[in-house]
S.K.: 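After the structure tokens below, expect a handful of questions from me.
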Amino acid sequence: MDFDEVLKEVGAFGLYQKIIICSVLLPAALPCAFHAYSQLFIAATPKHWCRIPELEPWTQDYLQLVKNLSIPRDKHGAYAECSMFVRNYSEIVRYLEYRTPYELQREQSSRLLKVDQESIVACQHGWHYDRSMYPSTVVQEWNLVCSSSYYVTLALVLFGLGGLIGNYVFGYLVDLWGRRPSFYAYLLLEIVACAASAFAWNYYSWLGLRFVVGLTVPAILASPYVLAIELVGPDRRVFCTIVSNIAYSLGLVLLSGVVYLVRDWRYLTLAVSLPLLMLFSCFFVLPESPRWLIAVGQTKRAVRILKVMARVNGVHVSRDFVERMQQRLLRTQPAETTHYGILDLFRGTNMRRKTLIVTLIWFANTSVYVGLSYYAPALGGDEIWNFFLAGAVELPTYLLLWPGLSYFGRRWILFISMLVGGVACVATVLYQQQADVMLLLYCIGKMGISSAFVVLPLLASELYPTVVRGLGMSFSSVVAMTGPIFIPIINHMGQQMLVLPLIVMGGLLIVGGFASLFLPETRGRNLPQTLEEGEAPQPEPQQGPGQKQEQDDGRRGGNGLPQSWHWSSRNL
């Protein structure tokens with residue numbers, strides 16, 4: 001007996017599932033986007049220049065004159081951010097004190113501006129910051145510029161490291177404790193750590209709290225998504241995936257709006273954390289996954305949830321119905337509870353191949369998605385507008401994916417998305433001097449990776465069996481989280497060659513796209529429950545694209561592979 005068959009009797013996508021998705025899945029995606037990228041603005045580095053104490057009285061009214069007197073320029077005419085002239089500024093001040101405002105304005109051509117270019121040293125007395133966009137950031141407050149600029153990159157690296165560790169731990173908790181308690185445990189930790197970071201007294205306290213926030217961000221989104229996938233029938237998994245990603249992209253767009261309104265980093269930190277408290281209002285609405293309860297042998301709890309589900313969905317619940325349902329589910333109850341570990345993902349040949357390929361693709365997608373999002377400010381212009389655009393271009397892709405995932409299946413959509421995105425990124429090497437074309441190719445690359453990120457979690461959730469689904473998805477995402485640890489370094493390399501990060505990221509997408517062709521198609525298949533079902537091969541669908549696949553095909557088990565495909569090394 002398959003759980004999807006039981007789900008049909010109580011409503012595979014009724015009012016109950018819609019309430020859970022709207023009240024938990026969608027709201028949980030919004031703040032995750034906030035936390036994942038708000039650090040780009042909290043620790044933004046504005047334009048800065050050396051502070052000259054003697055010239056402070058003239059800084060406000062005659063800033064251009066002060067810069068010309070004290071700051072060297074590069075060959076393009078831009079002021080240096082980390083160096084200053086060595087001059088007798090006290091003598092200059094005595095000269096300036098006897099000038100009228102009109103004369104000061106004309107000092108641009110004065111002998112004072114004739115400076116020996118070799119008398120240049122690093123900033124000696126701190127920095128002035130351009131506060132026109134950000135009145136206060138972590139960088140400004142603790143002077144994380146010039147020789148200390150690596151602290152900003154370190155914060156991003158540790159945030160990514162936190163996500164890696166958090167996903168690893170969460171993979172065990174979600175399959176050991178269940179979906180519901182794991183979600184709220186991480187949510188509470190995230191709210192407390194993020195809100196506390198707004199009151200950090202120095203860089204290291206802020207860094208430690210941001211690391212804790214990094215532990216929670218990927219897991220907060222994963223748990224409601226896994227739960228939603230397990231509460232609906234096979235024909236509605238695409239819907240859950242699409243709306244989850246729409247909510248995430250809207251979160252990116254809304255984040256740019258929040259940053260536009262709230263520029264001070266402490267208030268911004270509170271603005272992206274305190275709204276999460278609203279999710280606790282759904283504590284008594286969110287159920288545990290009955291699919292997971294059955295998998296771990298807690299059949300009675302699963303029956304109670306199914307009973308509530310049936311009533312909310314308008315299915316008549318009689319005593320005979322409940323008893324019959326419980327008897328059917330008891331047949332699937334294991335003789336004893338079994339605990340699974342990472343090694344179970346690699347025991348069988350098919351499971352091992354699928355785990356490795358999914359992990360490779362997840363690594364490529366995570367690295368490129370984060371990398372392109374971090375890369376947006378490098379496009380020039382308004383940073384907030386660039387970030388808004390990077391999020392907004394994701395939304396149109398979902399309109400095409402919604403029917404496409406059901407019409408063409410998961411595998412081909414994933415391949416095309418990654419290939420198009422990868423080619424667009426690599427093609428930027430041909431248009432380095434054309435800003436408009438660069439921006440267009442960047443948007444195409446962002447759309448491609450966004451599409452791939454929609455398909456991959458859906459495909460992975462349909463490949464991993466229920467007993468290790470949370471563990472398998474967490475393992476793949478944990479390995480993938482090594483990408484954001486190194487991606488800031490790759491983007492840093494772009495200072496010498498603007499398109500180099502795009503070439504590297506495009507190459508990753510192309511490799512991952514071709515690897516996806518070796519995964520089985522899962523469209524219309526029932527979710528595998530046990531490791532045995534996950535290991536068993538299954539024939540590919542025979543009908544062409546667009547034809548509805550019969551749901552009872554999934555009852556034959558397996559994963560959509562041809563019967564003659566034995567996953568030998570030549571197939572890779």
S.K.: Verify the ring-centre separation between Phe41 and Phe387: is it less than 6.0 angstrom?
M.R.: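 Centroid separation for Phe387 and Phe41: below 6.0 Å.
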S.K.: What are the two closest non-hydrogen atoms of Ala424 and Ile444, and how far apart are they?
M.R.: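 Scanning both residues, the minimum pair turns out to be CB-CG2, 3.6 Å.
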S.K.: Tell me, do Val145 and Val152 make a side-chain contact under 4.5 Å, heavy atoms counted?
M.R.: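 Result no, sub-4.5 Å side-chain heavy-atom pair not found.
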S.K.: Looking at Arg263 and Val259, would you say the former's side chain and the latter's main chain have a donor-acceptor pair under 3.5 Å?
M.R.: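 Side chain of Arg263 to backbone of Val259: a pair is present.
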S.K.: So, Ser149 side chain and Cys146 main chain: donor-acceptor pair closer than 3.5 Å or not?
M.R.: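 Here the side-chain-to-backbone pair exists.
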S.K.: Measure the acute angle between the ring planes of His48 and Tyr129, then classify it against the limits of 30° and 60° as parallel, tilted or perpendicular.
M.R.: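 His48 and Tyr129: tilted rings.
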S.K.: When the ring planes of Tyr204 and Tyr151 are compared, do they come out parallel, tilted or perpendicular, using 30° and 60° as the limits?
M.R.: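 Plane angle over 60°, so perpendicular.
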S.K.: Go through the steps to decide whether Val217 and Phe159 satisfy the test side-chain contact (heavy atoms from CB on, under 4.5 Å), and finish with yes or no.
M.R.: CA-CA 10 Å; Val217 169; Phe159 188 85; 3.9 Å; yes
S.K.: In terms of ring plane angle, is the pair Trp206 and Trp265 parallel, tilted or perpendicular, where the classes change at 30° and 60°?
M.R.: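 If you compare the ring of Trp206 with that of Trp265, the planes turn out perpendicular.
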S.K.: Could you check if a side-chain atom of Leu156 sits within less than 4.5 angstrom of a side-chain atom of Gln39, using non-hydrogen atoms only?
M.R.: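 Touching, per the 4.5 Å side-chain cut-off.
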S.K.: For Ala247 and Leu26, which heavy atoms make the closest approach, and how far apart are they?
M.R.: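 Taking Ala247 first and Leu26 second, the nearest heavy atoms are CB-O, 3.7 Å.
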S.K.: Does the side chain of Pro287 reach to within under 4.5 Å of the side chain of Tyr16, using non-hydrogen atoms?
M.R.: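 When only atoms from C-beta onward are counted, Tyr16 and Pro287 do touch, with a gap below 4.5 Å.
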S.K.: Please assess Leu209 against Val213 for the test side-chain contact (heavy atoms from CB on, under 4.5 Å), listing each intermediate value before the final yes or no.
M.R.: CA-CA 6 Å; Leu209 290 169; Val213 175; 5.6 Å; no
S.K.: Salt bridge or not for Glu288 and Arg301, using N-O below 4.0 Å?
M.R.: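 Salt bridge between Glu288 and Arg301, a charged N being under 4.0 Å from a carboxylate O: no.
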S.K.: Indicate yes or no: at least one non-hydrogen side-chain atom of Met351 is less than 4.5 angstrom from one of Pro465.
M.R.: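 In contact.
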S.K.: Given side chains that start at C-beta, do those of Met438 and Leu502 come closer than 4.5 Å, heavy atoms only?
M.R.: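 Yes - at least one pair of side-chain heavy atoms lies under 4.5 Å apart.
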S.K.: Can you name the closest pair of heavy atoms from Gly506 and Cys425 and give their distance?
M.R.: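 The pair with the smallest heavy-atom distance is CA-CB, 3.7 Å.
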S.K.: Test your reading of the model: is there a side-chain donor-acceptor pair from Arg210 to the backbone of Ser197, 3.5 Å cut-off?
M.R.: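 Not at all, since once roles are kept as given, no pair shorter than 3.5 Å links the two residues.
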S.K.: We want to know whether Tyr267 and Ser136 form a side-chain donor-acceptor pair, criterion being a heavy-atom distance below 3.5 angstrom.
M.R.: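 Per modelled atom types, Tyr267 and Ser136 side chains form no pair under 3.5 Å.
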S.K.: I'd like to know if the side chain of Tyr464 reaches the main chain of Lys354, judged simply by a donor and an acceptor atom lying under 3.5 Å from each other, with no hydrogens or angles considered.
M.R.: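 No, the answer is negative, given that no donor and acceptor are paired below the 3.5 Å cut-off.
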S.K.: Please give me the minimum heavy-atom distance between Leu414 and Ser516, naming the atom from each residue.
M.R.: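 Leu414 and Ser516 have their closest heavy atoms at CD2-CB, 3.6 Å.
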S.K.: Have Gln17 and Arg236 got a donor and an acceptor in their side chains that come within less than 3.5 Å?
M.R.: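 No donor-acceptor contact under 3.5 Å links the two side chains.
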S.K.: If we ignore hydrogens and angles and just use 3.5 Å, is the side chain of Arg266 paired with the main-chain N or O of Ala198 as donor and acceptor?
M.R.: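 Such a contact is found between Arg266 side chain and Ala198 backbone.
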S.K.: Phe199 and Leu270: side-chain contact (heavy atoms from CB on, under 4.5 Å), yes or no, with the steps?
M.R.: CA-CA 10 Å; Phe199 304 96; Leu270 295 175; 4.2 Å; yes
S.K.: Under 3.5 Å, is there a donor-acceptor pair between the side chain of Thr366 and the main chain of Phe363?
M.R.: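 Judged by distance alone, no pair lies under 3.5 Å.
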S.K.: Between Met505 and Leu372, is any pair of side-chain heavy atoms under 4.5 Å apart?
M.R.: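 Touching, per the 4.5 Å side-chain cut-off.
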S.K.: Step by step, work out the side-chain hydrogen bond (donor to acceptor under 3.5 Å, both in side chains) result for Ser451 and Tyr398.
M.R.: CA-CA 7 Å; Ser451 301; Tyr398 305 134; over 6 Å; no
S.K.: Please find the pair of heavy atoms, one from Pro290 and one from Leu231, that lie closest to each other, and give the distance.
M.R.: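 Where Pro290 meets Leu231 most closely, the heavy atoms are CD-CD2, 3.5 Å.
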S.K.: For Tyr37 and Tyr248, take the angle between the two ring planes, folded into 0 to 90°, and tell me which bin it lands in: parallel under 30, tilted 30 to 60, perpendicular over 60.
M.R.: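 If you compare the ring of Tyr37 with that of Tyr248, the planes turn out perpendicular.
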S.K.: Got a donor-acceptor contact below 3.5 angstrom from the Arg469 side chain to the Ser461 backbone?
M.R.: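 A pair under 3.5 Å: yes.
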S.K.: Are Lys446 and Tyr369 packed together at the side-chain level, in the sense that at least one heavy-atom pair is separated by less than 4.5 angstrom?
M.R.: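 With C-beta onward as the side chain, the pair touches.
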S.K.: Taking the six-membered ring where the residue is Trp, are the ring centres of Tyr184 and Phe280 under 6.0 Å apart?
M.R.: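 Yes, ring centres under 6.0 Å apart.
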